[in-house]
Enquirer: 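Just passing along the structure, written as structure tokens.
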Amino acid sequence: MAIADLNTMDNQQNECALTIDSAYKRYGPNSVVLKGLNMNVPQGAIYGLLGPSGCGKTTLLNCIVGRMNLDSGQIRMQAKKKSDVGYMPQDVALYSNLTIKETFNYYGGMYGMTMEQVDNRSGEVIKLLELPSDNSIVDTLSGGQQRRVSFGVALLHDPQLLILDEPTVGLDPLLSQSIWDHLLKLASHHKKSIIITTHYIEEARQANIVGLMRGGCLLAEAPPLLMSTHGAATLEQAFLSLCQKQYSSSEDELQDNPSYPTDGPVSSPLNENGLFSCSRFKAQLIKNLLFTLRNKPMMMFLFGLPLLQCTLYNLAIGRDPEGLKVAIVNGELKHGLKDCSQYPLTGCNLDLPLSCRYINQIKMKTINLIEFDELSAARSTVERNKAWGMIHFASNYTEALMERINSTFETASPWAIDNSDVSVWMDMSNQYIGNQLRKDLITSFVDFLQGIYRDCNWPTQIADIPIKIEDPVYGPRNPSFIHFASPAVVIVFEFYLPMMFTVGVIIQEKVAGILERSMAAGLTALEIVAAHSIVQAVVLCVQTAVMIIVMYHVFDSPFVGDFYWTTGLLLLQGVCGMCYGFLVSVSSDSMTTASMLGLGSFFPLSLTSGMVWPQEGMHTILKSVGWLLPLSLSTEAIRALTARGWSINHPTVYYGYISTIIWIFLFILLIRLVIKFRGLRGK
Ligand SMILES: Nc1ncnc2c1ncn2[C@@H]1O[C@H](COP(=O)(O)OP(=O)(O)OP(=O)(O)O)[C@@H](O)[C@H]1O
């Protein structure tokens with residue numbers, strides 16, 4: 001039973017609401033879904049597309065409404081604009097935290113309806129579909145109620161062509177029948193054309209025309225009665241015999257056929273309704289605001305995270321370690337450290353044990369000394385990780401030190417030199433703590449020696465190393481790691497927070513099929529970007545303010561530069577992060593891929609930004625290309641602005657601006673390329 005044999009409609013071409021010729025579509029070389037499918041949907045008829053699961057019904061509808069393109073073939077439609085079509089996808093595809101009314105307002109905006117029109121139509125639809133109160137949040141509705149809202153969205157703007165992907169799944173038989181009655185009325189009284197997919201033969205019987213689909217081909221299309229009289233007693237039998245015929249034919253071999261036609265892509269003839277419409281933009285913006293404001297975990301994430309991260313950063317990082325334990329063996333004190341309490345710690349008493357004065361100086365650095373009699377016991381404590389190092393004073397330390405002080409390089413004896421050395425063994429497995437202890441021991445010694453010189457009225461400069469560190473040109477006298485890293489931390493947060501927000505919102509909508517449904521209703525990429533950017537801009541301003549207050553006011557990261565240029569660069573960095581977020585969103589089809597792209601880039605970008613280590617200390621290769629990355633030059637610019645007070649005239653600052661602007665344009669270019677080659681939805 002060929003299609004031509006069953007096609008009894010004269011001059012159908014002229015009366016068709018939709019005609020499809022030789023449609024081919026595949027998802028991959030071994031996944032051909034549509035195989036030369038032909039289809040004719042008459043004007044003012046219900047066309048029941050009947051076929052088993054996986055035969056390609058949804059793929060076909062997606063190509064008709066413009067959610068994806070055919071690889072080859074032709075689609076002709078009487079409907080010209082996307083708003084002439086009402087589409088109900090298989091998934092519910094609704095914003096879960098909007099009310100029914102807000103959902104209708106949103107789609108009304110997509111279709112360019114006035115508020116009054118939306119109010120009137122939504123009232124009719126709610127009544128017809130027996131929906132609960134229009135203030136009910138979609139998420140609180142049952143599965144069946146959500147499907148009815150989704151159906152209501154397709155009916156809302158009274159389109160001339162309705163495309164419904166399994167609208168009656170999950171509905172009770174009475175409601176299903178009332179929906180079918182309404183569809184029959186729409187077709188017969190209002191001359192609406194309706195394509196409806198279903199698995200159920202019983203249901204398809206009510207359609208004016210039934211298209212039997214299997215394995216990507218339309219086996220036959222005709223009124224149900226006529227189909228059953230063409231050699232088969234029932235619709236079921238007609239379907240069965242067609243399936244058997246197809247099985248013995250060679251159509252199934254198409255998958256391996258190297259001559260798969262690829263003269264496409266062939267897109268839906270429905271035009272885009274213009275690149276930008278105020279009505280759609282407004283609907284999208286209101287929806288974004290409601291979606292963000294109602295999403296409490298997201299609100300906490302957006303505003304709580306910068307606060308928490310900046311506070312934690314300041315509390316957890318950059319402080320000098322305190323109370324470090326060090327073992328001590330003092331050979332010149334008979335009864336151990338308690339002897340020190342008998343001796344004065346000031347004055348020019350050069351015959352008393354001077355090691356006590358040095359020990360006192362060490363204690364001022366908040367080092368905790370643990371006393372031992374034997375070197376072996378002290379060493380074992382360090383080896384057992386109970387102390388970070390050990391110090392040893394020889395039994396005649398004071399005598400040797402005084403001889404060393406009083407001698408010249410000609411008269412100093414090896415005995416004096418040996419015994420006046422304070423021997424130190426360190427646990428250097430922790431570089432930061434090891435270096436800190438070493439520095440503390442050396443500076444304590446200089447302070448101790450200068451104290452003796454002062455008390456003995458000798459010139460104290462002699463006891464110092466002959467380098468005079470004057471006031472710094474930039475920065476404080478004792479800079480900390482936290483001050484070094486804070487520009488990079490601010491830049492990294494400023495880049496990644498908008499990136500995560502953008503990815504979170506877009507991918508969530510994409511995965512749920514909501515984005516595609518809105519785009520099938522006419523929403524354009526420009527409107528999506530514009531509406532998201534406005535919400536993102538507000539969020540970004542608040543996040544930036546939070547970070548500036550916490551980093552530079554609550555805590556004491558240096559900020560000596562121009563406030564406006566600094567804030568400007570931070571906001572620009574946020575825009576750059578948002579653009580990267582859009583790029584990740586259009587390149588990913590799932591939250592997992594998006595997370596991998598986001599997290600995968602976080603470490604390389606933050607490590608090379610100078611957050612952990614100065615760029616000057618990186619490997620030569622990295623140093624030569626690292627400045628090309630999006631966070632490197634902007635981090636240096638923020639450091640120059642906040643810590644050095646340089647202005648926009650300085651190359652370090654304007655290079656930061658230029659680099660960020662170039663990256664923004666680069667991301668936009670990449671977004672356009674990805675959309676061009678794989679579409680917003682992906683292939
Ligand atoms: N994005 C995709 N990538 C790869 N294969 C896909 C994709 N979408 C669908 N397919 C495959 O294409 C075939 C047809 O799927 P489609 O959803 O069009 O079938 P269907 O007839 O609508 O099924 P159902 O009635 O169960 O919804 C299936 O084998 C499916 O696995």
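In each ligand, atom 1 is the first atom listed, and ligand 1 is the first ligand listed. Sequence positions, counted from 1, serve as the residue numbers for this chain.
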Enquirer: Does Arg121 make a cation-pi contact with Tyr111 (under 6.0 Å, within 45 degrees of the axis)?
Expert: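 Not satisfied by the 6.0 Å and 45° rule.
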Enquirer: Going by the closest heavy atom to atom 19 (O) of ligand 1, which one wins out of Gly56, Gly215, Pro52, Gly28?
Expert: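 Closest candidate by heavy-atom distance is Gly56.
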Enquirer: Any non-hydrogen atom of Gly51 lying under 4.0 Å from ligand 1?
Expert: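 Per 4.0 Å heavy-atom rule, Gly51 does not contact ligand 1.
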Enquirer: With a cutoff of 4.0 Å, is Glu166 in contact with ligand 1, counting heavy atoms of the residue only?
Expert: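 Yes, Glu166 has a heavy atom closer than 4.0 Å to ligand 1.
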Enquirer: Less than 3.5 Å apart, any donor N or O on the side chain of Ser595 or Thr592 sitting next to an acceptor on the other?
Expert: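 Short answer, no.
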Enquirer: Pairs of nitrogen or oxygen atoms closer than 3.5 Å, one from Cys55 and one from ligand 1: do any exist?
Expert: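 Yes: some nitrogen or oxygen of Cys55 is under 3.5 Å from one in ligand 1.
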Enquirer: Should one rank Asp165, Thr59, Val169, Leu61 by closest heavy-atom distance to atom 16 (P) of ligand 1, which comes out on top?
Expert: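 Result: the heavy atom closest to atom 16 (P) of ligand 1 is in Thr59.
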Enquirer: Using the ring of each side chain (for Trp, its six-membered ring), is Phe291 parallel, tilted or perpendicular to Tyr95, with breaks at 30° and 60°?
Expert: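 Answer is perpendicular, since the angle exceeds 60°.
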Enquirer: With heavy atoms under 4.0 Å as the rule, classify the contact between Thr58 and ligand 1 as side chain, backbone, both or neither.
Expert: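 For Thr58, the contact with ligand 1 is made by both the backbone and the side chain.
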Enquirer: Quick one: list whatever passes side-chain contact (heavy atoms from CB on, under 4.5 Å) with Glu102, sequence neighbours left out.
Expert: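 Expected list: Leu98, Thr99, Leu290, Arg294.
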Enquirer: For the residue pair Phe667 and Phe582, is the inter-centroid distance of their aromatic rings smaller than 6.0 Å?
Expert: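 No, the ring centres sit 6.0 Å or more apart.
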Enquirer: Please classify the Met213 to ligand 1 contact at 4.0 Å (heavy-atom distances, strictly less than): side chain, backbone, both or neither.
Expert: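 Contact part for Met213 vs ligand 1: neither.
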Enquirer: With sequence neighbours excluded, give me every ring-ring contact (aromatic ring centres under 6.0 Å, His included) pair touching residues 499-524.
Expert: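 As it turns out, the ring-ring contact (aromatic ring centres under 6.0 Å, His included) pairs with a partner in residues 499-524, which skip direct neighbours, are Phe501-His532.
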